[in-house]
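For reference, the structure is listed below as C-alpha cells.
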Number of protein chains: 2
Amino acid sequence: MELPRIISVAVVEDDHLAREAIAALIEGTEGFILGGAFDNAEDALRGIVDSEPDVVLMDIQLVGMDGIECVRRLKEVLPHTDFIMLTVLDDEESVFRSLSAGATGYLQKDASMEEVLHAIKEVHEGGSVISPGIARLVVGSFRPRSEPGLTDRENEVLARLCDGENYRSIAERLFISANTVKAHIKSIYAKLHVNTRAEAVKLAMRDRLV
Amino acid sequence: MELPRIISVAVVEDDHLAREAIAALIEGTEGFILGGAFDNAEDALRGIVDSEPDVVLMDIQLVGMDGIECVRRLKEVLPHTDFIMLTVLDDEESVFRSLSAGATGYLQKDASMEEVLHAIKEVHEGGSVISPGIARLVVGSFRPRSEPGLTDRENEVLARLCDGENYRSIAERLFISANTVKAHIKSIYAKLHVNTRAEAVKLAMRDRLV
DNA sequence: GATGAAATCACCCATATGGGTAATGGACGG
DNA sequence: CCGTCCATTACCCATATGGGTGATTTCATC
C-alpha cells in the first residue's frame, strides 16, 4: 500500500540564503530529491517544464514576473504538478490570486522545516496544506456577508432570478401573479441597493444569499 | 507575550466512546478544560449558550438536528466562539455547508489526538485548521472552471454585464456602438449556453470568469 | 491567395424589464 | 384597537433586452 516514492521538489526563491537553505533541506532529507532551484520566474518557467518536479515551492515576491503568474503558467502545462506558495505575504489578494492560479498549498515563511516537508508530503498525496492564519482568510470567504434583511418570499424570488427566470416563469412556479413577482423584485432591488437583475444576481452570488 | 490561557472546550458527539475519549483527552491535558460534553444538538444548544466555551468540537451526524445547523445557531449567539467540525464526512456538501455555517476548522475523524489539540490551539489563536484532504476541496473551489473560450473582448463585455451596465453604458466605456455590444453579448450567450443576463452573470460568478 | 475567426456596425421586432403609484387583507405586537 | 410589515394584485409607460439576419474590415494562419 505505502510505496515510499521519492518526491522531486523544485524551489523558486529570489533570496539566496533562503533558497540554499530549502535546497539543502530537500537534498538532506530521505525521500526527497531536489528537482531544481531558481531565483526568478523566467528561469523557473524554462527549467521546471523540463524537469517536471512533483512539487514546487514558490515565493511570490520575485523580480520580474511574480510567483503567482509563474504558477499560473506552469500549471497550464504541468497540471499534475503541485505548487505550494512559500511567502511572507498574507493579504487576501495574494492568497486568493495564488489559489486561483493553481496553488494547492500556502505556507507563511515562518513555517518550520518540518512543516514544509510535511506540507510537501501531504500535497503530493493529494491533500492541501494552508497555514492557519491564511486558512482563516479562506474559510472566512465562505461566510455569508451581512444579511440584507430579505423576507422568505423575497429570497425565493431572488433564487429564481439567479436562475434566469422571467416574471411569468417565477409567477407560475410560486403560484402568484406576475405583478406580484414584480413587486417582490422591486423590494429586493431596494434592499440590495441595485436596479438591475444582473447586479442583484452578482450580489446574491458574491454574498452567498442563495 | 505568551499568556498560556486555559482554553475551555466543549464537545458534541453522539458516539459514547468517541465522546468520552475526547472529553478525557481535554481534561487530561494541561491548558485545556472541558466546557461540556453533549450527545445531541438540542442539549448542546442549551448547554453551550450557558457555558460559553472558547472552542467547540462538533460532530455532523447526530440524531435530530445535525451538527452543521447546530453550529449555525450557536454562532449567531456566540460569534466569538470557534467551532471545529470533527467528522467522518468528507463530501463537498458537508464541508461547504459547515464553513458557511461558521465553522473555522474541519478535521476528519482519523485525526490524531495531537492534531486535535493543535487544531484547538490554532483556532483559538485566530487561525484555522483544515485536514489536508478537506482543504483540497476548499482550494479547488477557487480554481476557475473550464474555460468557455470567450475572446478578450467578450470577457470585457461580460465583466461590464456583471456590473449591471446596459448596452449604451458598455458601448460608451469600450468606445464602440451599442449594436456591437449587442453582437458580443449574443456571442457570449451562445458560448455560455444561456439566454439572459442573469444566467450569464450567475455563470460568470460561479466559474470565476470575472 | 484563400479561409476563417474576431471585431465592428446596422435594422427589425416582439417581449421583458424597471419605475411609479395605489390598493387590499392578514398577521403580529404594542 | 391601531400601526406596521408582509404578501398580494393591478395599471401605465418608457426603455432595455433577446433573437434574427446580414454586412464590412482586419488579421493570422494555412
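Keep in mind that this is a model prediction, so the values were computed, not measured. Lettering follows sequence order; numbering is per chain, from 1.
For A:Asn195, the listed nucleotide lying nearest its side chain is C:dG19; candidates were C:dG19, D:dG20, C:dC9. Nearest nucleotide to the B:Asn166 side chain, out of D:dA16, C:dG19, C:dT8: D:dA16. Of the candidates C:dA16, C:dC9, D:dT17, the closest approach to any side-chain atom of B:Ala183 belongs to C:dC9. Nearest nucleotide to the B:Lys182 side chain, out of D:dG19, D:dA16, C:dG19: D:dG19. Considering only side-chain atoms of B:Ile185, the nucleotide from C:dA10, D:dT8, D:dG18 that sits closest is D:dG18. Closest to the side chain of B:Lys186, from the set D:dA7, C:dA16, D:dG19, is D:dG19.
Within the nucleic acid shown, B:Ala178 has no heavy atom closer than 4.0 Å to any nucleic acid atom. If you check every strand for non-hydrogen atoms under 4.0 Å, A:Thr196 touches sugar and phosphate atoms only.
Between B:Tyr167 and the phosphate of D:dT17, there is no side-chain N or O to OP1/OP2 separation shorter than 4.0 Å. The side chain of B:Thr180 places an N or O atom within less than 4.0 Å of a non-bridging phosphate oxygen (OP1 or OP2) of C:dC9. At the phosphate of D:dT8, OP1 or OP2 sits under 4.0 Å from a side-chain N or O atom of A:Arg153. Remark: A:Thr151 is not in phosphate contact with D:dC6, judged by side-chain N or O atoms under 4.0 Å from OP1 or OP2. Note on A:Asn179: a side-chain N or O is less than 4.0 Å away from OP1 or OP2 of D:dA10.
In this structure, the CG atom of B:Leu174 is 10 Å from the P atom of C:dC9, given to the nearest Å. At whole-Å resolution of the value, CD1 in A:Ile176 and C1' in C:dG25 are 16 Å apart. Rounding to whole angstrom units, CD of residue B:Glu165 and P of D:dA16 are separated by 13 Å. Rounded to an integer number of Å, the gap from A:Arg168 CZ to C:dG18 P is 15 Å. Nucleotide C:dA27 holds its P atom 16 Å from the CG atom of A:Asp152, rounded to whole Å. Rounding to whole angstrom units, NZ of residue A:Lys191 and P of D:dA7 are separated by 7 Å. The interatomic distance linking B:Leu161 (CG) with C:dT17 (C1') rounds to 15 Å, in whole Å. What separates CD of A:Glu156 from C1' of D:dA7 is a distance of 11 Å, to the nearest Å.
Both A:Tyr189 and B:Ser177 lie near DNA chain C, and the one whose nearest nucleotide falls closer to the 5' end is B:Ser177.
Judged by distance alone, with hydrogens and angles left aside, the side-chain atoms of A:Asp207 form no donor-acceptor pair with the main-chain N or O of A:Leu209 at under 3.5 Å. Judged by distance alone, with hydrogens and angles left aside, the side-chain atoms of B:Thr81 form a donor-acceptor pair with the main-chain N or O of B:Pro53 at under 3.5 Å.
For A:Asp91, the CG atom is densely surrounded, since the number of other residues' heavy atoms within 6.0 Å is greater than 12. Remark: B:Asp152 CG is loosely packed, at most 12 non-hydrogen atoms of other residues, nucleotides or ligands lying under 6.0 Å away.
Ring orientation note: the planes of B:Phe142 and A:Phe142 are nearly perpendicular, at an angle over 60° on the 30°/60° scale.
Relative to the ring axis of A:Tyr167, A:Arg197 places its NZ or CZ within 45° and under 6.0 Å from the centre.
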